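Values below: all heavy atoms of this structure, side chains included; hydrogens, waters and symmetry mates excluded. Bear in mind the structure is a predicted one, so any value in this text is a computation, not a measurement.
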Amino acid sequence: MATTSGKKSFPRNITDRLTCRQVLNIMVILGFMFNYMLRVNLTIAIVAMVVPGNKTDQHHVVVDSECGGPAPTPVNSSMTTPAPTQEIPDGVRFEWDEYEQNMILGCFFWGYVLTELPGGRLAEIIGGHRVFGYSMLSASVLTLLTPLSAQIGYVAVVVLRVLLGLMLGASWPAIHPMTARWIPPTERSKFMSNMMASSLGAAITMPVCGYLIASLGWESVFYVTGVVGLLWSIAWFFLVFDSPAQHPRITDEERRYIENSIGSATSHKVHRVPWLSILTSPCVWAIIITHGASVFGYFTVVNQLPTYMKHILHFNIKENGLLSSLPYLGKYVFAVLTSALADYMLRNNKFSRTVTRKIFTAFALVVPSITMIGQVFLGCDRAASVTFFTVALTVNGAVCGGYLGNGLDIAPNFSGTIFGMANTLSSLGGFLSSVMVGTLTQDNQTYTQWRKVFGIIAGTYAGGALMYTVFGTGELQPWNKVDDNIEDKDSKEKIPLRGDKA
């Protein structure tokens, strides 16, 4: 970045050519890509880690012929991992039965749920830079230890995955306090779309891990993804800071622009959470419930799609790399486009902040609800099903212009806490979606039962949209204001502007 010393200076490296916000955007995009990479790598690798045919798929599954076609070979309805299409190199395999495999895959959420709310609050106290950075650093180290834990035994893998969930659970809500301090209000929708880079990470991780397994064995998946996470973590600590006031390389112009745009709504003070006001606020519960409904539908479609395609349509969508990646890519691209549109509408006063958030939230949830209703009536048609699923997951990316960043509108000082609450419920919703599908389709893989699943998803999406339409708002809440008598945690770290007296 250029200095203001009076002499013309030239950029010395790539970070000097970018504004601090641009660097932050790039690092957050990569951060959420790698965050999801560390989460789903085992989902892909476990197929190659287990002895083929080991005590699985032995139960009888009832499959009717409502949708026509030959009945498929019974598969484990609770497993959603893709079978590698290439020959897997010889290596160590483990005799984990169906229950143990599901436990390994599911125990991640035990830790994940526990640190959502504490992670958001901790980011408000010590800064999202530290919480996000250290959670990713710890998760990367744990990833590198996965092959060793597998050698030790099944219990060791379960413990490691729980710890991984604890680390990564804290990372998502940590980004909100950073957004409140770094991003002007009319740019926040676009910045929040960076979180959807997790979908991009999933789209890239699946084929890359498949190639690593086929070429170097399943251990390479954890070594490569772990090293990538470590390198990102090191770069994060060198390039990103909690606020413009603490950044040593920021220009006077950029710092003034950010601080003047944000104004006094965001405080740098450590302050008590007004729990009574938050828990009794309808607009907070609108965010929490809508987020839970949206993620419930998303996880149900993503996690159960391969099972439906296999049993009902007699076609395994995971075998087609394009179709399996298309919804993830679509959601990210749509998130970027719609969030940019939302920011444009706010900058140009096309609609109020409340109306803008409601428009995008309703669009992101009502359209998927309609596609699920379409599945109820046209679910036997392969082309229609693929279209419905892809549209549902893609359009859901519009939440970035809607409720996803709404906590920053109503209470930027407590945005981490609010998102932590919302993501805790949504994580439980992801677990409940698996229970719901398992209960309805256990040993009864029929289109009649799946129509019930689609009906529930449609109702959940619609309920979330209705909740936010009635109770959502974009107005700053009075309880966001903090007391002036509590110590400013940045006062000792603040770097003066170059024109100020130190």
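Looking at Ser193 and Lys190, their side chains come closer than 4.5 Å, going by heavy atoms from C-beta outward. Contact annotation: the side chain of Tyr332 never approaches that of Leu337 to less than 4.5 Å [non-hydrogen atoms, C-beta and beyond]. Between Leu144 and Phe222 the shortest side-chain heavy-atom distance does not fall below 4.5 Å. Within the 4.5 Å cutoff, the side chain of Gln375 has no heavy atoms near those of the Thr371 side chain. At a threshold of 4.5 Å between non-hydrogen side-chain atoms, the residues Val437 and Trp450 count as touching. Taking 4.5 Å as the limit, some side-chain heavy atom of Tyr403 sits within range of a side-chain heavy atom of Thr290. Between Val51 and Phe94 there is no side-chain heavy-atom pair separated by less than 4.5 Å. Between Met49 and Leu42, the closest side-chain pair of non-hydrogen atoms falls below 4.5 Å.
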Donor-acceptor pairs under 3.5 Å, side chain of residues 153-177 to any protein atom, not counting sequence neighbours: which ones?
| unit_1 | atom_1 | unit_2 | atom_2 | d |
| --- | --- | --- | --- | --- |
| Arg161 | NH2 | Arg39 | O | 3.1 |
| Ser171 | OG | Asn35 | ND2 | 2.8 |
| Ser171 | OG | Leu168 | O | 2.6 |
| Trp172 | NE1 | Asn35 | OD1 | 3.2 |
| His176 | NE2 | Leu404 | O | 3.4 |

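Less than 6.0 angstrom separates the ring centroid of Trp232 from the ring centroid of Phe132. Ring pair Phe454/Tyr447: centre-to-centre distance not below 6.0 Å. Taking the six-membered ring for Trp and the full ring otherwise, the centers of Tyr468 and Trp285 sit at least 6.0 Å from each other.
Between Asn194 atom CG and Ile29 atom CD1 the span is 4.0 Å, to the nearest 0.5 Å. Taken from CE in Met178 to CZ in Arg130, the straight-line distance is 10.5 Å, to the nearest 0.5 Å. From Leu117, atom CG reaches atom CE of Met421 across 7.0 Å, with rounding to the nearest 0.5 Å. Between the CG atom of Leu440 and the OG1 atom of Thr448 there is a distance of 12.0 Å, given to the nearest 0.5 Å. One finds the CZ atom of Phe388 at 10.5 Å from the CD1 atom of Ile370 (value rounded to the nearest 0.5 Å). The NE2 atom of His129 lies 6.5 Å from the CG atom of Asp242; values are rounded to the nearest 0.5 Å.
Checking side-chain atoms of Ser215 against main-chain N and O of Leu212 turns up no donor-acceptor pair under 3.5 Å. Of the possible donor and acceptor atoms, none in the side chain of Ser138 sits under 3.5 Å from a partner among the backbone N and O of Ser135. Side chain of Thr394 to main chain of Val391: no donor-acceptor pair is present (N/O by atom type, distance under 3.5 Å, no hydrogens or angles). Remark: side-chain polar atoms of Ser198 are paired, donor with acceptor, to backbone N or O of Met195 under 3.5 angstrom. Formation of a donor-acceptor pair under 3.5 Å by the Thr390 side chain with backbone atoms of Val386 is found in this model.
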- Before giving the answer on side-chain contact (heavy atoms from CB on, under 4.5 Å), spell out for Tyr298 and Lys331 the whole-Å C-alpha distance, their side-chain angles and the decisive distance to 0.1 Å. CA-CA 11 Å; Tyr298 177 79; Lys331 183 172 184 177; 3.5 Å; yes

- Query: side-chain contact (heavy atoms from CB on, under 4.5 Å) between Leu18 and Ile26: does it pass, once the steps are laid out?
  - Reply: CA-CA 10 Å; Leu18 302 172; Ile26 293 171; 3.9 Å; yes

- Item | Verdict with reasoning, Thr205 to Phe34, per side-chain contact (heavy atoms from CB on, under 4.5 Å) | CA-CA 9 Å; Thr205 300; Phe34 299 153; over 6 Å; no

- Item | Step-by-step side-chain contact (heavy atoms from CB on, under 4.5 Å) determination, Trp236 to Met136 | CA-CA 10 Å; Trp236 173 265; Met136 285 289 290; over 6 Å; no

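More than 12 non-hydrogen atoms from other residues, nucleotides or ligands lie less than 6.0 angstrom from CZ of Phe237.
No donor-acceptor contact under 3.5 angstrom links the side chains of Tyr461 and Asn396, judged on distance only.
A salt bridge links Arg121 to Glu124: one of the charged nitrogens lies within less than 4.0 Å of a carboxylate oxygen. We find that Arg357 and Asp409 are joined by a salt bridge, their nearest charged nitrogen and carboxylate oxygen being less than 4.0 Å apart.
Taking all atoms of both residues into account, the shortest heavy-atom contact from Ser339 to Val336 is OG-O, 3.0 Å. Asn423 and Ser426 get closest at one heavy-atom pair: O-OG, 2.9 Å. Nearest heavy atoms, Gly297 versus Ile457: CA-CG2, 4.0 Å. Contact between Ala422 and His291 at its shortest, heavy atoms only, is O-CD2, 3.3 Å. Of all non-hydrogen atoms in Ile418 and Ala411, the two that sit nearest each other are CD1-CB, 4.1 Å. When all heavy atoms of Pro368 and Val395 are compared, the pair lying nearest together is CD-CG1, 4.3 Å.
The one candidate from Tyr112, Phe108, Phe299 that meets the side-chain contact (heavy atoms from CB on, under 4.5 Å) condition with Ser427 is Tyr112.
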